[in-house]
There are 2 protein chains.
Amino acid sequence: MSIRAVAARAGVSPATVSRVFTQPDAVALETRRRVLAVADELHYTPHPVARSLARGCTGNLGIVVPDIANSFSAVVTKAVQQEAARDGYALFVSGSDELARDEEQWARAMAPQVDGLMLVSPLMSDDALRALGPTPLVLSNRLLDALPSVVTDATEAVGHAVEHLAALGHREIVYLAGPEGFANTMRVRGYDGACRRLGLRPRRLGPFNARFSDGVRAADLVLATPATAVVAYNDEVAVGVLNRLVDRGLRVPDDLSVVGVDDTSLAEMVTPRLTTVRLPAAESGRAAVRMLLDVIAGRPGPDGPLLLQAELIVRSSTGPVRVHE
Amino acid sequence: MSIRAVAARAGVSPATVSRVFTQPDAVALETRRRVLAVADELHYTPHPVARSLARGCTGNLGIVVPDIANSFSAVVTKAVQQEAARDGYALFVSGSDELARDEEQWARAMAPQVDGLMLVSPLMSDDALRALGPTPLVLSNRLLDALPSVVTDATEAVGHAVEHLAALGHREIVYLAGPEGFANTMRVRGYDGACRRLGLRPRRLGPFNARFSDGVRAADLVLATPATAVVAYNDEVAVGVLNRLVDRGLRVPDDLSVVGVDDTSLAEMVTPRLTTVRLPAAESGRAAVRMLLDVIAGRPGPDGPLLLQAELIVRSSTGPVRVHE
DNA sequence: GTGAAAGCGCTAACAT
DNA sequence: ATGTTAGCGCTTTCAC
C-alpha cells in the first residue's frame, strides 16, 4: 500500500501516481483511470505523514485552550474544528488547565507538526509567545505586538449591564472579579467606566476562579455588603451566586439582581434565566481560523486585532431594586 | 535547524545527534554534552514529522466524539487529552455532529496519522468500523466483535432510579427516550426491567434529541399523562423538563419528580438540584486511553469490554408523590 | 562509542 | 503526458 506498489501494478511511475492524487488534470484520462482503479483495489491512500514531510506542510492546525471541558472553550473549539474542516485541516487540541507552563509546552510541542497554531486566552509570557513566532499564530483574547488576534471587547456591553441595573434603581452594584488577565481587565474597565459615568461607587470583590463553586462562595461575601446587584465575571460564577442565594432563602431578582458574562447555554437553563453579556464564542473561533488560514497562505490579514462585539442579553435575573422596608 | 546542522556544528555524525535524543545512554557523556549544547544554541528540536516517518509511529492519538461542545463529550475529551499527555501523546479531536458519514470520514482521515484511535459512541456501520481495523482502535459505548471497548452500564443504576421513585410512592413513571443507540438501549433496559420487577406499567415517550430544548418540549407531553415522575434520557433533557414545569407554574419535586442521567456539572447548578445517574465520564476516557496504549504496545488487553458502573445520585428533584387532593 | 548508508513514503523540479 | 532524480529530516542497522 505504498505509492510504489500502486505504480508498479498500474505500470506507471510513482510520480504519475502522485500526480493522480495531487493534480489529476496533469494526467491523461486513461492513465488516471487505471491508477485510480489500482489504488482502489489496493486500498491505497497517500500517507499523510510522508506527504507532510515532502511538502513541508501538514494539513493540521492546533489549538490550546485554558480548559477543554469549560463550556466556553468547548464552543470555541467546536467552531474551530468545524471551520478548519471546511478547509481540509485536522485539529490538534490541548488544554493548559490555566497553567502557563503547560500551555507553553503544548504550544511548543504542537508547533512543528501543524501549519498554524491558535492560542485562546494564553497566559504565557510575552517572550514565550514571541518565541513561537516562526509558526503561523493567531491569538484569541490577548494582544501582543502585531500578532494577529481576535478579541471580544466586553467593555461596552458590561457598561450596558451596569446602566441597565442603574436604570432599575440599583445604586450599589458589585463586580465579582475573575482571574487576572485580558478578559477580566476588559470587564473591569467597562464596570468602572460605567460606575464613574453614573456616579456610582465601584466595589470589586475577588479575584475568584471562574467556577461555580467560587460563585457560591462569593454570594455570601456579596450579602455582607449593601449591594443590591451583582455583575459576575462569567455565567458559572453568576449561577453559583444564584444557587447560594436560593439556599439562603433569598429571591432573585427581588432581593438581588445578578448578571453574568458569556451567555453559555447555562444562562437559559437556570431559574431565573440569567441576564448576561453574550460573547460570540463560535464566531470568534471561526474568525480566528480564517485569520490563521490567511497567515498560512501569506495573505495579508487586517492590520491590528479583529474586534468582535459583546452584547447585553436581558433575561429574568435582573429586576427593579427592592424598596427598603 | 536540522539534525545535520547540529551534527556539523558539534563535529559528530547525524546518527550521534539522533542517539542523543533517543538513547542518550548510548552516547559518551562528553559527546552528549557537546551535542546538547549545540542543539540548545541552535534551538534544535527533532522534527516530529520526519521522526514519525522514520519510526513508523506518530506519537499522536485521535478521538472522535459526537459533539465537542456537549458537556459530557467535553469531559471525556479532556480526560483523554490529559491521560494521553501523560504518555507523551498529542491528541487529534473531531466532532461528528451525530452524522455517521462525517464520523466515518474523520476516522479514516485520522487513522493514518495517529498511533491509535478512540471512537466515542460511534454510530457508523459495523463494516465501516471493521474497516478501520489496522489502526489500533478503542470503542466507547459500543460493542463490536472483539474490539476493545469501555462501556458504562447504566442499566442497573437506572433501575435504582426507578426503585427510588417507587419507594417515594410513584406508580406512574415515564421514561423520556433519547436518540437510538447503545446508551438509550441500556437505559430502556434498566427502566423496563425495574418496572417489571415492581409491577409498574412502563411508559416511554420519545425519542427526543439529547437537548435542553427537547426536554422543554417533552415536559408538556409528560403532563398530558398521569405520570408523577420522569426519568429523562440525560441531564440536559431533564433540565429542559424542569424549566418548562417552572414556567407552567408547577413545582419540582412536589408536582413532579425528575431524574436525569450523566451527572454533568449542570445537575448541581439547577434548582432544585437534580437527582441523576452518574456516568463516570472522565474515568471512562482515562480507561479508554490506557486500553488504547495497551493495544498499541501489543500488550494483551482484557478480553471483552471493560465495564464501568453508573450510580444513582439522589438530590432534590425527586420527592414523595403528592397525595391526590 | 561513533560513523556510513539505506530508507521511511511522498513530492517536485527537471527532463524527455 | 510521463519518467528520472533528488531530496524532506530523521532513525537504524551494520561496520568499525
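By convention in this document, chain letters (A, B, ...) are assigned in the order of the sequence lines, proteins followed by strands, and residues within each chain are numbered from 1.
More than 12 heavy atoms of other residues, nucleotides or ligands sit less than 6.0 Å from atom CD of E41(A). Annotation: R130(A), atom CZ; neighbour count of heavy atoms from other residues, nucleotides and ligands within 6.0 Å is above 12. A 6.0 Å sphere centred on CZ of R34(A) holds more than 12 heavy atoms belonging to other residues, nucleotides or ligands.
Contact between V138(B) and S149(B) at its shortest, heavy atoms only, is CG1-CA, 4.4 Å.
The closest donor-acceptor contact from the side chain of N70(B) to the backbone of F72(B) lies under 3.5 Å.
Contact annotation: T31(A) reaches the phosphate of dT2(D) (side-chain N/O to OP1 or OP2, under 4.0 Å). Taking 4.0 angstrom as the limit, T16(B) places none of its side-chain polar atoms (N or O) nearer than this to OP1 or OP2 of dT2(C).
Between its opening and closing five pairs, the helix from dG1(C)-dC16(D) to dT16(C)-dA1(D) changes axis direction by 30°, a value rounded to 10 degrees.
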Please list, pair by pair, any protein nitrogen or oxygen found under 3.5 Å from a nitrogen or oxygen in nucleotides 9-12 of chain C.
unit_1  : atom_1 : unit_2 : atom_2 : d
dG9(C)  : N2     : A50(A) : O      : 3.3
dC10(C) : OP1    : Y44(A) : OH     : 2.6
dC10(C) : OP1    : H47(A) : N      : 3.1
dC10(C) : OP2    : I3(A)  : N      : 2.2
dT11(C) : OP1    : R51(A) : NE     : 2.5
dT11(C) : OP1    : R51(A) : NH2    : 2.9
dT11(C) : OP2    : S18(A) : OG     : 2.7

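Within residues 106-117 of chain B, no residue places a heavy atom under 4.0 Å from DNA chain C.
Side chains of D115(A) and T58(A): a donor on one and an acceptor on the other come within 3.5 Å. Side chains of E98(B) and N209(B): no donor on one and acceptor on the other come within 3.5 Å.
In this structure the side chain of L139(B) reaches within 4.5 angstrom of the side chain of P122(B), judged on heavy atoms. Within the 4.5 Å cutoff, the side chain of V93(B) has no heavy atoms near those of the Q81(B) side chain.
A salt bridge is defined here as a Lys NZ or Arg NE, NH1 or NH2 lying under 4.0 Å from an Asp or Glu carboxylate O, and R290(A) with D87(A) fails to meet this definition.
Using a 4.0 Å heavy-atom cutoff across all strands shown, S52(B) reaches no nucleic acid atom at all.
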